[in-house]
Every structure is written in C-alpha cells, then in structure tokens.
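This structure is a prediction, so every number in the text was calculated from the model and none was measured. Counting begins at 1 with the first residue of the sequence. Just the heavy atoms: all of them, side chains too, but no hydrogens, waters or symmetry mates, feed the values below. Read the numbers this way: they start at 1 and go in the same order the structure lists the ligands and their atoms.
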Amino acid sequence: MQNKQISEIRNLKDEQDAVILAHSYQPPEIQDIADHVGDSLELSRIAASTESSVIVFCGVKFMAETAHILSPEKTVLLPEPDAGCPLADCIEVPALKSMQELYPDALTVLYVNSPADVKAESYACCTSANALAVVESAPSDEIIFAPDRNLGTFISRQSDKTIHIWNGACRSHAIADLQDMKARMEEWPDAELLVHPETPPAAWELAHAVLGTGGMIRYVGESSVERFIIGTEEGMVYRLRKLYPDRVFTTGGNIYCINMKKITLQKISDSLRELKPVIELDPRTREKAFAAVARMTEVTG
Ligand code: SF4
C-alpha cells in the first residue's frame, strides 16, 4: 500500500511540477518522500529559490505561509490545513502593538513560528538558527523578541542589547521531561545531550549544547562522540539516524508535536492531485510581511 502511494506521489509531483519540502519533525515516511528535509530557515530559502511551480509544504501552517510570502507566484499547498502551531497562535497583532507602544524605541524580532499578520508588524523574523545574528544585526539596542520566551531568554543571555521578551512557549518543548533526560544520561554516560532552545533553561543546564535542528546536524558532523541524546521533537532522531548511520541516537525529554504528525502520504497524494488546500494571504499582509521574512533569509546563523 505504502509503495503504491509513494509511486503515485512521485508521478503526481512530476505532472504538477511540484517540489516537496518537509520539516525535520515530520514522520519518517514523509521525510523519505520529500525532495528536501530541513529546518525553517533552510526550507524558507529553498521556497524562495525553487523553480518548481508548486510547493507542497509538509510542516505546519506558519511554515507554508512563510513559503507563500517568499514565493507568491508559486502555488503553496499544505496537505493538512489543520496542522497549526500553538506557539504561533499565542500572539496576535493588537497585543504585539500594545507591547510596541510600551517600548517605542525597540525593534521587533519575531520568531518565524508566528502568524503572517504579526510578521507584517515586525522588523525582522528569525529562526532558532539565526535568532542571535538577527537580533545583533537589527539597528537598535532595544529589541522586542516574540513569541517564544525560552528562545528569547537564550538569546538575551548572549546579547548586550535590552531585550523585552514575549511570554509564549512551544507546548511540546516547554514541558520537556527533564527526568527522562537525566535517566537517558545515566543509561548512556558517554553520550552528549543536545537540546533545543525552546526547551526550558533547566534543560540547558543539563545539556552539552543548546542548538536549533540545523545546528544539531552540524554539531554531530563535527564531533567525534558516538552517542547522542536528542532533546527536541522526536522526528529529529530519524533525520539524524539517516544522516549519520555510524552514530547512535535516542530521544531525550519525550518531546512530541502532534501537529507535525498530521500530514500523511494519502494527504500529500490528494493535495497534489487536487492542487489544494492552497495557502492564501491577504496581498497587503503578504507584502508587509515580506520585508521581515526576507531579512530572516538574508542573515546567516
Ligand atoms: S514543535 Fe512547537 S513550535 Fe514546532 S510546530 Fe510544534 S508546537 Fe509549534
């Protein structure tokens, strides 16, 4: 059954001149069918430069919206329209504007995990890979950082700028199970624990390194350590195992995002056949958000 679905998707992809992008948190079978697997920054850059006329985005809604903002002439499909992100949903324009009124000299740096209309009110977007570089490159010593408080705290500890942090969090990472991380470290005393900056600061204290998903990939590639405990969404373990079959990986912290698991092979196939659901934004919002998103893709992490 799965083989039939895979060959159907491959045929439809050619017929529709489509490219399939998948985030590293996607389930194994989705990562395997994708043309590109990566973090938000990598996928945004591919979305901006692809020559395919259709982009099938296997991730959550804000990611597909970002692809549409960067490539408005392309058809961007999100095979499961209900794949949302609770972190993105925790910020709305009126509340951000109230914070901007409180700090009128601050520039807003917005984590890309946010809605398009909020991006439109921001100076620049960032991902976990380049958040510090975006904050440092912003032409102000005062920054509003939203919506992830853990990433904001992580950045503020490395910057001399005054950073006002929005009190939002990724539900999956913020409740990372520290006891599970400790137990894995006891089981594998020679292993290194890598955690995502969306996890709470107490997890950073345990970890050997705090990194976004792209950073984890580079870190493992440059390390001579054999075993790693991965403190981010469990899909990342599959990606690392594929990239580094000579190393050993296990999950740490029981971090699971239900929204990242909503896309299935059947939904990709249906989406490609019918060319829907299409991501659409109000053109004014899209144009206003473009500057903030473009700044994000220009800054190297
Ligand atoms: S892992 Fe967290 S930030 Fe990422 S999509 Fe899921 S809820 Fe949103």
Side-chain angles (χ1 to χ4, degrees), residues 21-28 30-31 34 37-44 47 57-68 76 78-92 109-116 118-119 122 125-131 145-155 165-177 180-181 194-201 203-204 210-217 230-240 251-264 267 279 293 296 301:
L21 307 185
H23 191 270
S24 305
Y25 296 164
Q26 287 289 296
I30 307 295
Q31 293 193 32
V37 183
D39 61 18
S40 297
L41 188 58
E42 291 162 339
L43 297 180
S44 296
F57 213 111
C58 302
V60 294
K61 191 174 171 195
F62 77 79
M63 296 176 176
E65 284 182 350
T66 305
H68 174 57
V76 179
L78 179 63
E80 171 48 70
D82 284 338
C85 168
L87 172 60
D89 293 342
C90 81
I91 184 164
E92 291 180 345
V109 174
L110 193 73
Y111 195 22
V112 70
N113 305 31
S114 51
V118 182
K119 289 183 171 80
S122 303
C125 290
C126 68
T127 69
S128 54
N130 69 359
F145 188 93
D148 190 85
R149 66 170 176 264
N150 289 334
L151 179 60
T153 302
F154 184 65
I155 296 309
I165 301 170
W166 186 273
N167 189 16
C170 159
R171 276 189 214 156
S172 309
H173 285 83
I175 58 162
D177 181 348
D180 181 70
M181 287 182 184
L194 311 183
V195 302
H196 195 281
E198 286 172 14
T199 57
W204 314 340
V210 184
L211 299 158
T213 53
M216 287 182 186
I217 289 169
I230 302 302
T232 189
E233 213 282 338
E234 60 168 40
M236 189 60 194
V237 169
Y238 180 73
R239 175 138 169 77
L240 285 163
T251 56
N254 294 320
I255 303 170
Y256 179 82
C257 176
I258 194 165
N259 285 290
M260 279 286 182
K261 311 302 182 196
K262 287 185 174 171
I263 289 173
T264 62
K267 288 175 189 173
I279 291 290
V293 175
M296 171 186 86

Q: Could you tell me if any non-hydrogen atom of E198 lies under 4.0 Å from any atom of ligand 1?
A: yes

Q: Among all protein heavy atoms, pick out the one at the shortest distance from atom 2 (Fe) of ligand 1; state its residue, atom name and that distance to 0.1 Å.
A: C170 SG, 2.3 Å

Q | Over 12 foreign heavy atoms within 6.0 Å of NZ, K61 | A | no

Q. Of the protein's non-hydrogen atoms, which lies at the shortest distance from atom 3 (S) of ligand 1, and what is that distance?
A. N113 ND2, 3.2 Å

(Q) Regarding E233 and R239, does a basic nitrogen lie under 4.0 Å from an acidic carboxylate oxygen? (A) no

Q: Tell me which protein heavy atom sits closest to atom 7 (S) of ligand 1, plus the residue, atom name and distance to 0.1 Å.
A: P86 CD, 3.5 Å

Q) Quick one: CZ on F62 to SG on C125, what's the gap to the nearest 0.5 Å? A) 10.5 Å

Q. In the protein, which heavy atom is nearest to atom 8 (Fe) of ligand 1, and how far is it?
A. C85 SG, 2.3 Å

Q | Straight-line distance of I30 CD1 to Y238 OH, nearest 0.5 Å | A | 11.0 Å

**Q.** atom 6 (Fe) of ligand 1: nearest protein contact (heavy atom, Å)
**A.** C257 SG, 2.3 Å

Q | Nearest-0.5 Å distance that lies between atom NE2 in H196 and atom CG in N150 | A | 10.5 Å

